[in-house]
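Report on the following structure.
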Amino acid sequence: MGTIQLSEERIELAEASIIGERIKARQEADKTTYYVYKQMEKVSSTAVDLLKYIPGIQVDLFHNISLEGNNRILILVNGKERDGNFLNQLDPARIDKIEIRNQPGAEFRSGVSGVIHVILKDEERRGISGHLYSEIPVRQNEIYAFPSANFNLSLKKVNIYASYSGELSYFDIKGKNNRNITLPDQNILIARSTKKNQEYWSHKIHYGLDILQDKRNKISVYGFLNPYSSEFDGSVSLMEYQGESLMNSWTARQDDRDRNLTAYGTAYYKHLFRKPDSDFSVDLNYYHYRGENNSFLGEENGETLWSNSHPIHRSFSTRINLQLALTEGLMLKA
């Protein structure tokens with residue numbers, strides 16, 4: 001082939017970029033784990049918003065959470081029982097993954113059809129952090145907002161936090177209902193109409209303390225104070241017609257006064273044994289409710305109907321969990 005001339009050329013590599021994407025889900029024997037990635041965080045203002053992107057979870061207009069259409073669910077955050085209002089003030093950037101159990105095991109109480117377990121990122125957060133979020137109503141007579149705020153102080157082994165989650169909904173409600181009664185010699189129509197204004201507000205203040213004594217012992221204290229009210233004010237009327245003739249009519253004005261206060265407190269301790277997947281935990285809970293529910297129904301002819309109730313409810317509960325990995329394929333849970 002003769003002589004082949006080669007020219008030397010040097011190429012220096014400036015940089016190498018490795019782009020990876022976190023797996024979105026992992027299917028296991030008793031649960032499905034969904035991992036939170038950056039795109040989900042960017043489009044979510046609270047943890048409740050983030051749940052909307054998890055398959056099988058439904059969140060309605062009033063932030064009620066259900067799993068596969070069933071609302072008899074248990075919500076856990078790092079193994080501790082919480083409610084939807086707690087998620088409403090939780091920053092989605094703190095969530096690492098979400099575990100879904102459609103068939104809860106024996107370690108959960110009876111009557112629970114599903115479990116949503118929110119697991120936070122295991123990272124050292126030092127200093128002060130927080131967020132403030134709220135919708136701005138665009139109409140005066142139709143208000144629908146879920147404001148929230150969060151404050152967090154993280155030290156080396158202590159985490160202190162306080163937060164607020166609110167719910168405000170004011171709507172005008174108009175309803176009509178007609179009932180026809182057909183007899184052999186006459187036709188009766190009973191028409192019922194209502195014009196009411198629904199006023200619901202709730203202000204929930206959360207507080208908590210987490211103490212990480214060492215890698216195997218953790219103590220948590222959590223509680224909330226929640227005043228709220230749900231009232232329906234307006235008018236109701238009934239008209240009875242026989243054929244085209246008005247036979248009877250009744251009109252009344254409804255005025256509600258509803259004031260409620262709930263308080264909740266819990267103390268939680270968890271110990272991790274040296275053997276993997278083995279732990280022991282104790283959860284103590286106290287719940288208190290006090291209400292003042294008054295309803296006034298005044299007719300045009302002067303007759304009135306009053307309804308008064310002052311309910312009080314208190315409850316105390318404890319939950320003890322033990323989990324031991326006996327062998328590689330045998331687990332004891334009590």
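Checked against side chain to side chain donor-acceptor pair (under 3.5 Å), Asn217 has the following partners two or more places apart in sequence or in another chain: Asp214, Tyr269, His271.
Asn260 and Tyr289 are linked by a side-chain donor-acceptor pair at a separation below 3.5 angstrom, with hydrogens and angles left out of the test. Defined by atom type and a distance below 3.5 Å, a donor-acceptor pair is missing between the side-chain atoms of Asn321 and Gln323. Between the side chains of Tyr161 and Asn150, no donor N or O sits under 3.5 Å from an acceptor N or O.
Rounding to the nearest 0.5 Å places CG of Leu209 at 8.0 Å from OG of Ser220. Here the straight-line distance linking atom CG of Leu305 with atom CZ of Phe296 works out to 9.0 Å at 0.5 Å rounding. Note that CG of Asp283 is 4.0 Å distant from OG1 of Thr266, once rounded to the nearest 0.5 Å. Put simply, CD1 on Ile73 and CD1 on Ile57 are 7.5 Å apart, with the number rounded to the nearest 0.5 Å. A distance of 5.5 Å separates CD1 of Ile116 from CD1 of Ile75, quoted to the nearest 0.5 Å. Between the OG atom of Ser165 and the OH atom of Tyr133 there is a distance of 13.0 Å, given to the nearest 0.5 Å.
In the hydrophobic cluster analysis, where Ile, Leu, Val, Met, Phe, Trp and Tyr join through side-chain heavy atoms closer than 4.5 angstrom, Leu90 is grouped apart from Ile128. In the hydrophobic clustering of this structure, Leu261 does not group with Ile205; members are Ile, Leu, Val, Met, Phe, Trp, Tyr whose side-chain heavy atoms approach within less than 4.5 Å, directly or through other members. Criterion: ILVMFWY side-chain heavy atoms under 4.5 Å apart, direct or through other members. Under it, Ile181 and Met247 are not part of a common hydrophobic cluster.
Under a cut-off of 6.0 angstrom, the local environment of CD in Glu244 is sparse, with at most 12 non-hydrogen atoms contributed by other residues, nucleotides or ligands. Surrounding NZ of Lys333 are more than 12 heavy atoms belonging to other residues, nucleotides or ligands, all under 6.0 Å away. Within a 6.0 Å sphere centred on NZ of Lys52, heavy atoms belonging to other residues, nucleotides or ligands number more than 12. Environment of CZ in Arg216: crowded, with over 12 heavy atoms of neighbouring residues, nucleotides or ligands closer than 6.0 Å.
Think of Leu189 as one node in a network of Ile, Leu, Val, Met, Phe, Trp and Tyr side chains linked at under 4.5 Å; its network also takes in Met239, Tyr241, Leu246.
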Side chain to side chain donor-acceptor pair (under 3.5 Å) evaluation trace for Asn180 with Asn187:
CA-CA 7 Å; Asn180 288 288; Asn187 185 28; 4.6 Å; no
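The main-chain N or O of Asp256 is found under 3.5 Å from a side-chain atom of Asp233 such that the two form a donor-acceptor pair. When atom types are taken as modelled, the side chain of Gln58 and the backbone of Gly56 share a donor-acceptor pair closer than 3.5 angstrom. Side chain of Asn226 to main chain of His203: a donor-acceptor pair is present (N/O by atom type, distance under 3.5 Å, no hydrogens or angles). Side-chain N or O atoms of Lys270 include none that pairs as donor or acceptor with a backbone N or O of Asp279 at under 3.5 Å. A donor-acceptor pair is defined here as one N or O able to donate and one able to accept, closer than 3.5 Å; no such pair exists between the side chain of Lys204 and the backbone of Tyr228. Although no hydrogens or angles enter the test, the distance criterion places no donor-acceptor pair under 3.5 Å between the side chain of Ser229 and the main chain of Trp201.
One finds a salt bridge joining Glu231 and Arg259 here, because a Lys/Arg side-chain nitrogen approaches an Asp/Glu carboxylate oxygen to under 4.0 Å. Asp30 and Arg101 are joined by a salt bridge, as a carboxylate oxygen and a charged side-chain nitrogen come within less than 4.0 angstrom of each other.
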